[in-house]
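Data first, discussion second: the structure below is written as structure tokens.
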2 protein chains.
Amino acid sequence: MTVKRSSLNEILKIAEILCNQRGVRLTVQRRKVLELVCAAEGPVGAYEILDRLRESVDNPAPPTVYRALDFLLEQGLIHKLESLHAFIGCSHPSHPHASQFLICSDCGGVSEIESSGISNSLRQAQERTGFKTKRPVVELLGTCAQCQRTAVPKE
Amino acid sequence: MTVKRSSLNEILKIAEILCNQRGVRLTVQRRKVLELVCAAEGPVGAYEILDRLRESVDNPAPPTVYRALDFLLEQGLIHKLESLHAFIGCSHPSHPHASQFLICSDCGGVSEIESSGISNSLRQAQERTGFKTKRPVVELLGTCAQCQRTAVPKE
DNA sequence: CCGATGACGGTATATTATAACATCGGGTGA
DNA sequence: TCACCCGATGTTATAATATACCGTCATCGG
Ligand SMILES: [Zn+2]
Ligand SMILES: [Zn+2]
Ligand SMILES: [Zn+2]
Ligand SMILES: [Zn+2]
């Protein structure tokens, strides 16, 4: 159910290139946090990252993590899942895009989709209303195809 | 910018009818919380509701509010704005619908829209992926038409 | 050197949400 | 009637998420 993702090294390499191009600094902590987010199977909470950070950093505090996360969000290297209070690596950070997610409540799997249909209809809604979107949040919470099949086979 | 809403009394009346039809109880607290949410100009946080509840309830605690909110959410009488950690009255609770919101970061205004285009494209994405949505979250964060006009008239 | 800037460390605290357990009151069937 | 259940509520404590604030340090351009 999770999106096919590039290897961790590949992601980090792309991140470095993007940050260089943009003239922003992918510092050690930021890189480490990105690594932790992307290495995770699914979405990870900030304090989960904080815990894992303890293995490589002396005595990390919440602001350390949140600062790194803010940076990574700004750079589009990760996304925030508002409905889960969690973060997940972007599966295609190179080009800007409206993040759209399918979030399975059964297995916890999250897949990032990029539906032009959704993007278009969102754009149309904006045109109609004159609203100018800075950050779209599209999160569908439900059950993935896999979990529907393995669901309680009662009756 | 806020959606044209029915009068408070009208909303409460509809809520009562709906709850009766469904065989669930719109108790005093639930009704009071609904009233507070719907009377607010914009989205309200749980602890904001808690504060306002002090005026009519002896010594309310967080669970009191959250329980009422949970009930109202289940009944579709209010919506939760995930990106704001806040709640807002539903502008058309009588029929089920995917909640879609335009949230202005400048004025704080929120309007609930019901775009069939968005609904359709979401449905299509589900059909393609086999995902079954229980709760869709569509929140566009940005600037409303009004605030764009009144924006800094520099240069 | 000086001042501005950006990243970071560290403490404390704010904000949002839930766990856990006691109580109460209204049906409902023995 | 009464024992029982169950949904709603009261109460205390705590979990989980997020930010304010202040000081330090390094870098860069004058
Ligand atoms: Zn992405
Ligand atoms: Zn699943
Ligand atoms: Zn609604
Ligand atoms: Zn506005």
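Letters A, B, ... mirror the listed sequences (proteins, then strands); counts begin at 1.
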For [N], does either OP1 or OP2 sit under 4.0 Å from a side-chain N or O belonging to [X]?
{"X": "B:H85", "N": "C:dA17", "value": "yes"}
{"X": "A:Q29", "N": "C:dA7", "value": "no"}
{"X": "B:K80", "N": "C:dA17", "value": "yes"}

**Message:** If you assign each of B:F87 and A:A68 to its closest nucleotide in DNA chain C, which residue comes earlier from the 5' end?
**Reply:**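 Its nearest nucleotide being more 5', the pick is A:A68.
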Between [atom2] on [N] and [atom1] on [X], what's the gap in Å once rounded to a whole number?
{"X": "B:Y66", "N": "D:dA15", "atom1": "OH", "atom2": "C1'", "value": "12 Å"}
{"X": "A:F71", "N": "C:dC8", "atom1": "CZ", "atom2": "C1'", "value": "14 Å"}
{"X": "B:E82", "N": "D:dA16", "atom1": "CD", "atom2": "P", "value": "18 Å"}
{"X": "A:D70", "N": "C:dG6", "atom1": "CG", "atom2": "C1'", "value": "14 Å"}
{"X": "A:L81", "N": "D:dT17", "atom1": "CG", "atom2": "P", "value": "13 Å"}
{"X": "A:E74", "N": "C:dG6", "atom1": "CD", "atom2": "P", "value": "12 Å"}
{"X": "A:L69", "N": "D:dA18", "atom1": "CG", "atom2": "C1'", "value": "11 Å"}

**Request:** Take A:L122 and B:L140, measure what side-chain contact (heavy atoms from CB on, under 4.5 Å) needs, and give me the verdict at the end.
**Result:** CA-CA 9 Å; A:L122 292 179; B:L140 304 188; 4.1 Å; yes
**Prompt:** Can you tell me how far CG of A:L73 sits from SG of A:C90, rounded to the nearest 0.5 angstrom?
**Reply:**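 Result: 11.0 Å between the selected atoms.
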**Request:** Can you sort out which residues in residues 45-64 of chain B have a heavy atom within less than 4.0 Å of DNA chain C? Ascending by number, please.
**Result:**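 Per residue number, the list reads B:Y47, B:P62, B:P63.
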**Asked** Would a distance-only check, ignoring hydrogens and angles, find a side-chain to backbone donor-acceptor pair under 3.5 Å from B:T133 to B:P136?
**Response**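 No: the side chain of B:T133 does not pair with the backbone of B:P136.
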**Message:** Test your reading of the model: is there a side-chain donor-acceptor pair from A:R22 to the backbone of A:Q75, 3.5 Å cut-off?
**Reply:**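 Yes, because the side chain of A:R22 sits within donor-acceptor range (under 3.5 Å) of the backbone of A:Q75.
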**Prompt:** Would you call B:I49 and B:L69 a side-chain contact if the rule is heavy atoms closer than 4.5 Å?
**Reply:**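 Heavy-atom side-chain distance check passes, below 4.5 Å.
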**Request:** Would you check if A:I88 and A:F101 make a side-chain contact, meaning some heavy-atom pair closer than 4.5 Å?
**Result:**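 Of all side-chain heavy-atom pairs linking A:F101 with A:I88, at least one is under 4.5 Å.
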**Prompt:** What pairs with A:S83 under side chain to side chain donor-acceptor pair (under 3.5 Å), at least two apart in sequence or on another chain?
**Reply:**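 A:S83 satisfies side chain to side chain donor-acceptor pair (under 3.5 Å) with A:E139 once adjacent residues are dropped.
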**Prompt:** When you check every protein heavy atom under 4.0 Å of nucleotides 22-27 of chain D, what one-letter string (B, S, -) results, 5' to 3'?
**Reply:** ------
**Message:** If the threshold is 4.0 Å, N to carboxylate O, is there a salt bridge linking A:E48 and A:R52?
**Reply:**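 Yes.
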**Message:** Between A:D51 and A:R54, does any NZ, NE, NH1 or NH2 come within less than 4.0 Å of an OD or OE carboxylate oxygen?
**Reply:**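 Yes, this pair counts.
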